[in-house]
Amino acid sequence: MVSSTSLTSVLASKQIKEDPESLQIWGKDWTNGFVVAPSAVVFPESLDQLQDLVAYARAHQVKLVPSGGRTGLSGGAVASQGEVVVSFDRMNKILDFSAKDRIVTCQPGLVTANLQAFAEEQGLYYPVDFASSGSSQIGGNVATNAGGIKVIRYGLTRDWVAGMKVVTGSGALLDCNAGLIKNATGYDFRHLMIGSEGTLGLIGELDMHLAPQPEPQIVMVVGVPSVVDLLDILHAFSDKLTLSAFEFFSDLALQKVQAHRKLPAPLANRVDNYALLEFDESELAKAEEAFALCMEEGWLVDGVISQSQAQAAALWQLREGISESLAPYTPYKNDLSVRISEVPGFLADVDRYVNEGYPDFEVCWYGHIGDGNLHLNILRPESLSLEEFFHVGHTMSPKIFELVQARRGSISAEHGVGLLKRDFLGYSRGDDEISLMRGLKHLFDPDQILNPDKLLPLTEA
Ligand code: S2G
Ligand code: ZN
């Protein structure tokens, strides 16, 4: 347990919270089912203070849990064993902007939506977007290599990190890449830190690339009777035009969003599944050609095209509102990915397993089908308590992960490993890889102070 008096050797008392309410607020993220028990929350304001904190933690064997927007879904920012939470809420500034380089230098606590707004003000665009962008922080997005709804066109967070200053668990301050486009000088530690979930270093500053502003977008929602045809629809459109997004959701997901947000159905009749497509308005004619082709093939049965930006936003609500609309059902979540070609078969495998084994469970499918990324949400039946339900979920996961493994997929496409998927890492990473990951953990965090027990399976007792 850490006393705030000793923490005041590195931070001002106004940068330290220990009251029970603060511990509960900052000691967790959006993941259910884990104990929340930090010993303190600290709010550093500079790179120097991050280095002082790491030195302090090493000297006093204090564990640190980095915490950004606390929107994580794998328990990556949960402090459950007396750790000190390191919140980046007060390191949230834009430090510099270079129009010529199209690079924003910012602190990790900058809210994603604020980076997007700043880019827009400069006539540019930060293209990584997801439902939680109003709360998530860019440092957390980098630590989990966040994906979201535009990956099909703009890639992942990893693709937009031009430079990074990071304090490793050994206290070294690494200045990675300095915003260079080309830099062939050995191992790129930037890319090791991206997706490391705060287990190797505390990100203190980021150079983020920005994209040119896209032209106005059009959104199309189509009714898809059979998920087997989703890939044909994807290729029918992507062969003709550049898609900014290709999302999918089941009718059950749509019904939950309509009920939760009081929204009208997008089509005249209900269909088992829907795809949401987004593209440049200048490619509308090509999209209409692709739509006609898909109709002739019977791959889709109906569709609606946005006539205004307001209607485009309303159609996006049907997809982006799913996570929030399912929250009251405390779903057991799986965030899975397989190669795009494997998606229909994989969907059928998992559906068969759940329907045969758990016929009374409601299964909600949705996700970024254009990236091979599916979000499987199993809704908690009223007959089960949260604890009973999560226990069942944890017993289901190995079978689901066997199906993922059989198709060389990933047990965590974009939400990270954290605590939730830690013990299942071997379904997607080989033994040699995991032992090398352990070696890197010891190299970058020799005293094991950073985000303990996250990401890597606990070593055999
Ligand atoms: C999505 C959001 C988190 C969730 O909607 O694409 O990544 O609830 C998700 O699965
Ligand atoms: Zn997602």
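Numbers for residues simply follow the sequence, beginning at 1. The structure displayed is predicted, hence computed values, not measured ones. Ligands are counted one by one from 1 in listed order, and the atoms in each one are counted from 1 as well.
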Ligand 1 to Asn377 polar contact by distance, N or O atoms, under 3.5 Å: no

Ligand-residue contact atoms, ligand 1 with His368, heavy atoms, under 4.0 Å: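 Ligand 1 atoms under the 4.0 Å threshold to His368: 6 (O).
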
Proximal ligand 1 atoms for His415, defined as those under 4.0 Å from one of its heavy atoms: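 Near His415, the atoms of ligand 1 are 3 (C), 4 (C), 7 (O), 9 (C), 10 (O).
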
Glu414 heavy atom under 4.0 Å from ligand 1: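 Right, Glu414 reaches ligand 1.
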
Minimum-distance atom from the Zn ion (ligand 2) among N, O or S atoms of Glu414: OE2

Name, closest N/O/S atom of His375 to the Zn ion (ligand 2):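 For His375, the N/O/S atom sitting closest to the Zn ion (ligand 2) is NE2.
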
Please determine whether a side-chain nitrogen of the Lys or Arg among [X] and [Y] lies less than 4.0 Å from a carboxylate oxygen of the Asp or Glu.
| X | Y | answer |
| --- | --- | --- |
| Lys240 | Glu283 | no |
| Arg270 | Asp251 | yes |
| Glu247 | Arg319 | yes |

For [atom], what is the closest protein heavy atom, and at what distance to 0.1 Å?
| atom | answer |
| --- | --- |
| atom 4 (C) of ligand 1 | Lys333 NZ, 3.3 Å |
| atom 5 (O) of ligand 1 | Arg319 NH1, 3.0 Å |
| atom 10 (O) of ligand 1 | Tyr366 OH, 3.1 Å |
| atom 9 (C) of ligand 1 | His375 NE2, 3.4 Å |

Separation between CG of Asp229 and CG of Leu234, rounded to the nearest 0.5 Å: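 Rounded to the nearest 0.5 Å, the CG-CG separation comes to 12.5 Å.
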
Intermediate values then yes/no, side-chain hydrogen bond (donor to acceptor under 3.5 Å, both in side chains), Asn273 and Trp365: CA-CA 9 Å; Asn273 309 282; Trp365 284 108; over 6 Å; no

Parallel, tilted or perpendicular: ring planes of Tyr154 versus Trp160, cut at 30 and 60 degrees: tilted

Check: Gly321 main-chain N/O paired with Ser325 side-chain donor or acceptor under 3.5 Å: yes

Any donor-acceptor N/O pair, Arg190 side chain to Asn177 backbone, under 3.5 Å: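 A pair under 3.5 Å: no.
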
Proximity of Leu73 to ligand 1 by residue part, where a heavy atom lies under 4.0 Å: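 For Leu73, only side-chain atoms sit under 4.0 Å from ligand 1.
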
